[in-house]
Engineer: 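Below is one structure. I have some questions about it.
The model shown is predicted, which means the values in this text are computed figures rather than measured ones.
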Amino acid sequence: MSAEKHNMCAGRKAALSENTLFGMGNPLLDISAVVGKDFLDKYGLKPNDQILAEEKHKALFDEIVKKSKVEYHAGGSTQNSMKIAQWMIQKPHKVATFFGCIGTDHFGDILKKKAAEAHVEAHYYEQNEEPTGTCAACITGDNRSLVANLAAANCYKKEKHLDLDSNWELVKKAKVYYIAGFFLTVSPESILKVAKHASNNNKIFCMNLSAPFISQFFKEPLMKVMPYVDILFGNETEAATFAKELGFETDDIAEIAKKTQNLPKENTKRQRVVVFTQGKDDTVATTGDRVTMFPVLDIDQKDIVDTNGAGDAFVGGFLSGLVQEQSLEECIRAGHYAANVIIRRVGCTFPENPDFH
């Protein structure tokens, strides 16, 4: 962040136009329903878990939609963050743009409708070989067992979608870009194209470590994109795994942030910013050549309903400040606020209006 951005008069925000924020990732339809223990047992699920769907879970998706109180939410990590950013911004609508792959089916139609309701401009690549990706949230009491079936989300094709002139024009309109690390498993070439565009035009490209398995098994594509990353997000577990994979030989989170900041970078006009969240503990961020701790908002343990969308929400809040050219401190404050709202609710959902000043 440049000095002038730090010195902006308090509260003044840059005027926003449509498509200023661009996100690309795995669009999933979250299907949540309260189920009984018998349902979990039938499909061999633990009460509080996250897994990828196997053959034996196929029928689960058909069964859960027949439950009496089923809720549909547009999900997937990056799409969640785009929705939260747009919610924090409120007006104008469609500041956030989102690309990803869905199927030509009922669930795809619901995803399109839900994105529109969130005022996110979603341009999906639609194909009919795989059904729309889904994530079943099987709720029992305070627990939720998540079963993700990526399906269509895995079929995104750069040449069939990102490279089309009308779509690339939307990419060029943006000033800030965000792609979760999860998308490295789908289309690293799409990520690189967007990252290089941002770097060559001195725009801001943000990425997320997303999960320990990304650093472990997709380290090569991750490190190909890293020179173009202006802002890197992650949580404490992901940071530790990343450090281990890169041989940093430290488990001190501030030290990991510093070493990550100093990895090779293409656009030297912008110093890399590294932001690591740690649940209820302080968020760690590199500020210039220092590392600063930012305390999160206090919350009573009994008010926490579901921490699952907290990371996505933090990024969404942060990005809402970033596109309005707020200081790093303000962006983190917005991220903390959004995460604090989301963990009081089931799924990555939010009230009609934010109460953030």
Side-chain angles (χ1 to χ4, degrees), residues 25-80 100-114 124-157 180-187 209-218 221 235 237-238 241 305-312 346-349:
N26 299 333
L28 302 175
L29 184 73
D30 290 342
I31 308 168
S32 53
V34 174
V35 301
K37 186 180 178 302
D38 54 339
F39 185 89
L40 297 184
D41 294 344
K42 179 176 174 182
Y43 293 105
L45 303 175
K46 295 177 189 153
N48 218 13
D49 203 8
Q50 277 179 279
I51 61 165
L52 284 174
E54 295 167 48
E55 199 54 46
K56 66 179 182 188
H57 301 116
K58 285 278 182 341
L60 177 155
F61 290 88
D62 298 326
E63 190 175 337
I64 198 165
V65 298
K66 296 190 176 85
K67 296 276 170 198
S68 57
K69 274 191 170 169
V70 61
E71 284 191 28
Y72 295 96
H73 299 287
S77 183
T78 304
Q79 189 166 243
N80 280 343
C101 183
I102 60 174
T104 49
D105 51 25
H106 175 56
F107 284 171
D109 290 340
I110 295 174
L111 259 194
K112 287 193 271 195
K113 183 169 159 279
K114 292 291 179 184
Y124 298 115
Y125 168 49
E126 299 180 44
Q127 49 73 61
N128 52 20
E129 278 164 38
E130 284 283 338
T132 296
T134 46
C135 181
C138 312
I139 300 163
T140 51
D142 290 345
N143 294 318
R144 65 203 306 261
S145 195
L146 302 172
V147 185
N149 179 24
L150 290 185
N154 222 5
C155 300
Y156 190 84
K157 299 276 184 291
F182 288 124
F183 202 58
L184 286 163
T185 75
V186 174
S187 185
L209 292 175
S210 289
F213 81 84
I214 298 293
S215 295
Q216 289 168 316
F217 307 116
F218 295 88
N235 66 23
T237 320
E238 294 150 10
T241 307
V305 174
D306 177 7
T307 57
N308 191 53
D312 296 338
V346 169
C348 202
T349 61

Engineer: Side-chain contact test, heavy atoms from C-beta onward, threshold under 4.5 Å: evaluate it for Y43 versus V147 and give yes or no.
Structural biologist: no

Engineer: Has the side chain of Q127 got a donor or acceptor atom that lies under 3.5 Å from a matching backbone atom of I102?
Structural biologist: yes

Engineer: With under 30° as parallel and over 60° as perpendicular, where do the rings of Y125 and Y156 fit, or are they tilted in between?
Structural biologist: perpendicular

Engineer: Nearest 0.5 angstrom please: F213 CZ to T185 OG1, how far?
Structural biologist: 6.0 Å

Engineer: T132 and D105: side-chain donor and acceptor closer than 3.5 Å?
Structural biologist: yes

Engineer: How many angstroms lie between atom NE2 of H73 and atom CG of L29, to the nearest 0.5 angstrom?
Structural biologist: 9.5 Å

Engineer: So which atom in V70 and which in V65 form the shortest heavy-atom distance, rounded to 0.1 Å?
Structural biologist: CG1-O, 3.8 Å

Engineer: Provide the closest heavy-atom pair for P131 versus A151 in the form atom of the first, atom of the second, distance.
Structural biologist: O-CB, 3.1 Å

Engineer: Is there a side-chain contact between T78 and F182 in this structure, where contact means two heavy atoms from C-beta onward sitting under 4.5 Å apart?
Structural biologist: no

Engineer: Does T241 reach the main-chain N or O of T237 with its side chain, forming a donor-acceptor pair under 3.5 Å?
Structural biologist: yes

Engineer: Do K112 and E126 make a side-chain contact, defined as non-hydrogen atoms from C-beta onward lying under 4.5 Å apart?
Structural biologist: yes

Engineer: So, taking the atom named OG1 in T140 and the one named NZ in K37, what distance separates them when rounded to the nearest 0.5 Å?
Structural biologist: 9.5 Å

Engineer: Taking the side chain as C-beta and beyond, is there a heavy-atom pair between Y72 and D30 under 4.5 Å?
Structural biologist: no

Engineer: Would you name the heavy atoms of I64 and A137 that are closest together and state the gap between them?
Structural biologist: CD1-O, 4.0 Å

Engineer: Please walk me through it: do K66 and D62 pass side chain to side chain contact (heavy atoms under 4.5 Å, CB included)?
Structural biologist: CA-CA 7 Å; K66 296 190 176 85; D62 298 326; 4.3 Å; yes

Engineer: Where is the tightest heavy-atom contact between S145 and L40, given as atom of each residue plus distance?
Structural biologist: CB-CD2, 4.3 Å

Engineer: With rounding to the nearest 0.5 angstrom, report the CG to NZ distance, L45 to K56.
Structural biologist: 7.5 Å

Engineer: Does some side-chain heavy atom of L150 sit less than 4.5 Å from a side-chain heavy atom of L28?
Structural biologist: yes

Engineer: If you take all heavy atoms of A153 and V186, which pair is closest and at what distance?
Structural biologist: O-CG1, 3.5 Å

Engineer: What distance separates C138 SG from H57 NE2, expressed to the nearest 0.5 Å?
Structural biologist: 9.0 Å

Engineer: Of the non-hydrogen atoms in A53 and F61, which two are nearest, and what is the gap between them?
Structural biologist: CB-CE1, 4.1 Å

Engineer: What distance separates N149 CG from L60 CG, expressed to the nearest 0.5 Å?
Structural biologist: 10.0 Å

